[in-house]
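Let me begin by presenting the structure, written as structure tokens, before commenting on it.
Predicted model, so just to flag it, every value in this text is computed and none were measured. Numbered from 1 within each chain, the chains take letters A, B, ... in sequence-line order.
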Amino acid sequence: MSWKRWWLIGYSFFKEETAFQLSFLVSKLREFINLIVIFLLWYALLKHNFHLKNYTNQQTLGYFLYSFVIGQIILSTRLWRIGDMIISGNISALFLYPIKMWQLFLSWDIAHKVINFTISLFYLLPFLFFFHLTPFQHFTLTTYIFFILSLILGSLTYSFIVLIFNSLAFYLTEMWSVIFLFNIFLSFFSGQFFPLDAVSSLLAFSPFAYVNFWPSRLLARSELPPHSILILAVGFFWLLIFFLTFTALWRTGLKKFSGWGE
Amino acid sequence: MKFYLRIIWTNFWLSFKEGFTNPLSALLFISGKLLRFVFFLLFFFFIFKKVKLIAGYTFNDLLFYYLVFVLVDSISQFLGRGAYFFDSLVINGNLDKTFLYPVNDIFINLFSYLDPLDLITIPFFLTYFLYFIHHSYYWPSLSRLLAFSLSFLLSIAATLAIYLLSMALGLTTPLTGELLWIWRNTSKLGRLPVNIYPRFISYLLFSLLPVGIIINGPVLIWQARIGWWEWFLFTIFEVSFILIAISSWYQALKHYQSASS
């Protein structure tokens with residue numbers, strides 16, 4: 001696909017997202033409030049003598065801040081729409097577009113991630129300033145490589161989990177409740193409630209940990225975790241499992257699909 | 001009154017049939033709600049495994065705050081779920097139709113969808129709440145119990161007033177859904193006593209963003225952390241807030257421009 005096409009799809013996505021400017025701004029304000037709520041909760045707990053194992057107070061505050069920004073990158077995706085498209089039959093129209101469906105979703109997702117990440121930087125800056133937090137402090141080349149790999153791994157793992165859930169739409173008639181339940185699971189097991197290694201090292205090796213915990217931990221503690229190669233290897237193993245599950249579900253689902261299109 | 005009760009019952013019955021059209025979805029949604037509740041309880045256990053007190057509050061004190069938050073949130077959502085569909089009513093013009101019904105327009109729009117899925121979770125939360133008080137907490141004096149009950153009902157009414165304010169703003173700009181989410185996110189600060197937050201935020205939550213009054217108010221009177229004079233002020237505040245929301249709705253209606261042709 002030529003660069004011009006990528007750019008046009010990304011640009012049209014941006015125009016679509018910001019078509020209702022006030023709604024867009026209010027939705028971003030809502031996200032900012034979300035960040036404030038979780039940050040204040042931990043700030044209050046730390047102020048009243050609660051401390052997390054393996055984390056200093058600064059690192060704990062940093063963890064939740066970075067976890068929010070990482071979430072803005074990894075969790076920004078349009079792939080959730082596929083389920084409804086399958087149920088309504090509209091997905092058959094996408095098969096006829098003069099562009100491959102997965103390329104279209106990839107370019108939408110990249111645009112989505114770039115927009116959300118850029119905006120989240122504005123949320124982040126006042127916190128960094130007031131609480132003297134310094135991400136990327138003491139980062140070496142290896143730490144940067146691990147960080148970038150964990151981001152890519154997290155994005156791909158999340159995308160394939162989302163795709164697996166959306167493939168269920170070939171067999172279900174509604175998707176909203178599945179999404180609701182999954183998001184509750186994810187918020188707990190991906191480390192958005194607390195750093196997973198402060199509770200159990202076993203949780204840190206679950207596939208959900210790669211969606212948020214590992215990149216956030218790296219930014220908060222500015223040091224490579226022990227057994228970092230093993231962590232990446234387990235992450236790629238999960239990714240492979242999800243990829244194979246998704247392709248199997250998608251292929252059998254497509255054979256069953258009988259949508260009438262738009 | 002009988003007429004309105006019949007409407008509530010009819011709305012509820014229709015919502016119930018709609019909500020259970022797909023039993024699997026209903027089951028997953030209810031499981032999700034209960035799981036969210038359990039996860040937050042686990043979070044509490046995790047915190048109190050390490051410390052005995054947070055800002056002078058015991059585990060049971062904080063759990064009581066959380067349970068009251070869950071009940072106020074769930075009951076107001078059960079009653080006011082229709083507000084979440086308000087934007088689409090304004091955009092597609094169907095809102096005009098509701099003004100032609102021989103029923104109060106606030107009533108018909110705010111209580112248009114009584115969420116049956118929430119109604120299933122509420123008895124669970126309520127049973128746990130009563131069990132918790134009976135076995136692990138304490139019953140206050142009768143006067144405080146009555147004040148708590150009134151305060152609790154007013155908290156639900158004030159939350160619905162916020163829904164109504166969002167709908168009033170939604171009459172001119174379709175922002176009701178987003179504003180409701182902003183309130184729901186902000187009200188999460190009331191899962192814990194708001195005075196554990198930094199002092200400035202705490203003041204804010206007792207004034208401009210009245211989470212401290214609406215969500216924490218009933219607990220404060222139960223735990224005798226406020227006197228009767230403060231309770232009276234809280235009550236006046238909540239009643240005034242509800243009246244302001246109703247008045248804002250009628251003011252906003254004057255500026256409403258129908259979308260339908």
Side-chain angles (χ1 to χ4, degrees), chain A residues 19-53 87 130-131 165 168-169 171-190 192-196 198-200 203, chain B residues 21-40 42-43 46-57 62 87 117 169 172-198 201-202 205 209 211:
Chain A
F20 298 99
Q21 288 157 7
L22 190 60
S23 291
F24 179 74
L25 287 176
V26 175
S27 70
K28 294 299 158 196
L29 174 69
R30 174 162 64 84
E31 282 168 9
F32 185 54
I33 288 174
N34 249 347
L35 171 64
I36 291 176
V37 168
I38 193 140
F39 194 84
L40 279 178
L41 173 75
W42 280 97
Y43 183 79
L45 290 176
L46 296 173
K47 205 179 99 184
H48 297 291
N49 297 326
F50 175 77
H51 305 288
L52 277 176
K53 194 175 82 182
I87 290 167
F130 283 116
F131 293 93
F165 274 102
L168 296 178
Y171 310 94
L172 298 174
T173 49
E174 274 180 355
M175 284 302 293
W176 60 271
S177 54
V178 178
I179 298 171
F180 177 71
L181 189 60
F182 168 72
N183 280 332
I184 285 169
F185 254 104
L186 188 77
S187 63
F188 193 81
F189 289 105
S190 68
Q192 290 171 37
F193 263 45
F194 41 75
L196 298 174
V199 184
S200 151
L203 281 178
Chain B
T21 321
N22 190 330
L24 179 67
S25 285
L27 184 74
L28 292 176
F29 183 72
I30 293 166
S31 316
K33 286 227 162 201
L34 295 179
L35 206 62
R36 189 169 56 185
F37 176 73
V38 171
F39 281 161
F40 206 79
L42 288 177
F43 178 66
F46 168 67
I47 288 169
F48 280 92
K49 216 173 83 180
K50 292 168 186 280
V51 287
K52 290 247 178 294
L53 291 171
I54 293 277
Y57 292 93
L62 290 193
D87 283 339
L117 304 179
L169 279 165
T172 43
T173 318
L175 282 176
T176 308
E178 288 293 346
L179 293 171
L180 287 175
W181 278 108
I182 286 183
W183 163 252
R184 286 194 62 193
N185 289 345
T186 314
S187 70
K188 282 181 188 167
L189 288 168
R191 290 183 295 193
L192 298 178
V194 298
N195 60 353
I196 71 165
Y197 301 119
I201 301 289
S202 189
L205 294 174
L209 293 163
V211 174

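- Inter-residue side-chain proximity for Ile201(B) and Tyr43(A) is flagged as unmet; no heavy-atom pair is nearer than 4.5 Å.
- For chain B, the nearby parts of Phe50(A) are the backbone and the side chain; heavy atoms of each come within less than 4.5 Å.
- A ring-centre distance under 6.0 Å is not found for Phe39(A) and Tyr197(B).
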Walk me through whether Phe188(A) and Leu42(B) qualify under side-chain contact (heavy atoms from CB on, under 4.5 Å). CA-CA 10 Å; Phe188(A) 193 81; Leu42(B) 288 177; 4.1 Å; yes
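- Neither the backbone nor the side chain of Phe32(A) comes within contact range of chain B, judged by heavy atoms closer than 4.5 Å.
- Screening Leu209(B), Ile182(B), Leu189(B) for a side chain to side chain contact (heavy atoms under 4.5 Å, CB included) involving Ile33(A) leaves a single residue, Ile182(B).
- Taking the six-membered ring where the residue is Trp, Phe194(A) and Phe46(B) present tilted rings, their angle falling between 30° and 60°.
- Neither the backbone nor the side chain of Ile38(A) comes within less than 4.5 Å of any heavy atom in chain B.
- Partners of Leu46(A) according to the side-chain contact (heavy atoms from CB on, under 4.5 Å) rule, which considers only residues two or more places apart in sequence or in another chain, are Asn57(A), Thr60(A), Leu61(A).
- Both the backbone and the side chain of Ile47(B) come within contact range of chain A, each with at least one heavy atom under 4.5 Å from a heavy atom of that chain.
- Counting only heavy atoms from C-beta outward, the side chains of Ile30(B) and Ser177(A) never approach each other to under 4.5 Å.
- Within the 4.5 angstrom heavy-atom criterion, no atom of Phe182(A) approaches chain B.
- Using the six-membered ring where Trp is involved, Phe29(B) and Phe180(A) have ring planes that are tilted, between 30° and 60° apart.
- With a threshold of 4.5 angstrom between heavy atoms, Leu52(A) approaches chain B through side-chain atoms but not through N, CA, C or O.
- Every side-chain contact (heavy atoms from CB on, under 4.5 Å) that Ser23(A) has, sequence neighbours left out, goes to Phe20(A), Leu175(B).
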